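The residues of the chain are indexed from 1 along the displayed sequence. All figures in this text were calculated on a predicted structure; none of them were measured in a lab. Because only heavy atoms are used, hydrogens play no part in the values below, and waters and symmetry mates are left out as well, while side chains stay in.
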Amino acid sequence: MSGKTILYIEDNEMNRKIVRDLLKRTKYQLIEAYDGEAGVAKALEARPDLILMDIQLPKISGMEATRRLRAEAATAKTPIVAITSFAMSGDDQKAKDAGATAYLAKPYSPMDLLKLIRELLPEA
């Protein structure tokens, strides 16, 4: 497989398209999931190198999905970026308490996201 794999767990199609378009010109391979349960299952199956986790998800929240992934040996050390449009005071700490490696508030610039991805997962 060429490049490193990123799993994006996001229920909003437009947000997934933005990230899909952003990563098209990179060596990263993108896998997508539409809700927290599917995201956890896909992460355990695909073993991505990085996970982008929306916090507001159907079925189970991104916080709960992050906790579940941290409890699994296969994904315990995988970098997880918590992404939320509800950037309330303390959300970044809640995300880190759940096990997120980093936190990004929407709206964010695609270049900021790409910079963060490259910091956590060098494109080599």
Side-chain angles (χ1 to χ4, degrees):
M1 179 171 70
S2 65
K4 299 194 176 172
T5 309
I6 297 172
L7 170 60
Y8 186 26
I9 307 170
E10 165 66 74
D11 59 323
N12 181 293
E13 170 59 32
M14 182 53 75
N15 291 339
R16 286 196 314 273
K17 182 182 181 336
I18 290 166
V19 172
R20 203 179 303 134
D21 291 347
L22 177 69
L23 296 180
K24 221 179 255 179
R25 292 175 208 78
T26 70
K27 292 180 180 174
Y28 299 117
Q29 179 185 352
L30 184 65
I31 304 168
E32 299 175 36
Y34 315 113
D35 64 59
E37 279 183 3
V40 169
K42 219 165 238 194
L44 293 173
E45 174 194 324
R47 310 272 179 97
D49 298 293
L50 177 74
I51 299 169
L52 302 176
M53 176 80 71
D54 186 46
I55 295 304
Q56 304 295 324
L57 290 169
K59 298 199 179 172
I60 62 170
S61 74
M63 297 281 192
E64 177 59 27
T66 299
R67 282 187 207 94
R68 290 185 188 185
L69 291 171
R70 287 296 176 234
E72 297 286 340
T75 51
K77 302 242 185 291
T78 306
I80 298 175
V81 177
I83 300 174
T84 182
S85 53
F86 300 97
M88 314 251 310
S89 171
D91 268 5
D92 55 343
Q93 191 56 52
K94 285 181 199 158
K96 287 190 173 137
D97 289 347
T101 311
Y103 175 86
L104 192 60
K106 294 177 192 169
Y108 55 81
S109 99
M111 294 320 292
D112 284 346
L113 176 62
L114 191 57
K115 181 176 178 247
L116 181 58
I117 290 170
R118 285 183 169 143
E119 282 172 13
L120 294 169
L121 191 65
E123 199 178 349

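The two residues T66 and A100 make their nearest non-hydrogen contact at CG2-N, 3.7 Å. In terms of heavy-atom proximity, P48 sits nearest to T78 at O-CG2, 3.5 Å. Closest heavy-atom contact between I18 and P110: CG2-CG, 4.3 Å. Contact between G39 and I9 at its shortest, heavy atoms only, is CA-CD1, 3.5 Å. The two atoms that bring G36 and A65 nearest to each other are O-CB, 4.1 Å, heavy atoms only.
T101 contributes a side-chain N or O that, together with a main-chain N or O of I80, makes up a donor-acceptor pair within less than 3.5 Å. At distances below 3.5 Å, at least one donor-acceptor pair connects side-chain atoms of Y28 with backbone N or O atoms of L121. When atom types are taken as modelled, the side chain of D11 and the backbone of D35 share no donor-acceptor pair closer than 3.5 angstrom.
L50 and L113 end up in the same hydrophobic cluster when Ile, Leu, Val, Met, Phe, Trp and Tyr side chains are linked at under 4.5 Å. At a threshold of 4.5 Å between side-chain heavy atoms, the hydrophobic network of Ile, Leu, Val, Met, Phe, Trp and Tyr places L104 and M111 in one connected group. Connection of L30 to L116 is established within a shared hydrophobic cluster, with ILVMFWY side chains joined at heavy-atom distances below 4.5 Å, either directly or through further cluster members. Linking Ile, Leu, Val, Met, Phe, Trp and Tyr residues whenever their side-chain heavy atoms come within less than 4.5 Å places Y8 and V81 in a single cluster. By the criterion of side-chain heavy atoms lying less than 4.5 angstrom apart, applied directly or through intervening Ile, Leu, Val, Met, Phe, Trp or Tyr residues, L7 is not grouped with L120; the two fall into different hydrophobic clusters.
Annotation: salt bridge (Lys or Arg N to Asp or Glu O under 4.0 Å) contacts of K77 (sequence neighbours excluded): none. Residues satisfying the side-chain hydrogen bond (donor to acceptor under 3.5 Å, both in side chains) criterion with R47, sequence neighbours excluded, are absent altogether. Evaluation of the side-chain hydrogen bond (donor to acceptor under 3.5 Å, both in side chains) rule for D97 yields Q93 as partners, not counting sequence neighbours. E32 meets the salt bridge (Lys or Arg N to Asp or Glu O under 4.0 Å) test with R16, R20; sequence neighbours excluded. Shown here are the salt bridge (Lys or Arg N to Asp or Glu O under 4.0 Å) partners of R70, two or more places apart in sequence or in another chain: there are none.
You'll find the side chain of L69 reaches within 4.5 Å of the side chain of I51, heavy atoms only. In this structure, I83 and Y108 have side chains that are in contact, with non-hydrogen atoms separated by less than 4.5 Å.
Rounded to the nearest 0.5 angstrom, Q29 CD and D49 CG are separated by 9.5 Å. One distance of note links CD of E72 with CG of L44; it measures 5.0 Å at 0.5 Å rounding.
Between K115 and D112 there is no salt bridge, since none of the side-chain N atoms of the basic residue sits less than 4.0 Å from a carboxylate O of the acidic one.
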Identify each donor-acceptor pair in which a side-chain atom of residues 57-64 lies under 3.5 Å from a protein atom, sequence neighbours left out, and give them as a table.
unit_1 : atom_1 : unit_2 : atom_2 : d
S61    : OG     : M63    : N      : 3.4
S61    : OG     : E64    : N      : 3.0
E64    : OE1    : R67    : NH1    : 3.4
E64    : OE2    : R68    : NE     : 3.1

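Test I6, L114, I117, L52 against V19 for side-chain contact (heavy atoms from CB on, under 4.5 Å) and you get one pass: L52.
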Check against side chain to side chain contact (heavy atoms under 4.5 Å, CB included), N15 and K106
CA-CA 10 Å; N15 291 339; K106 294 177 192 169; 3.2 Å; yes
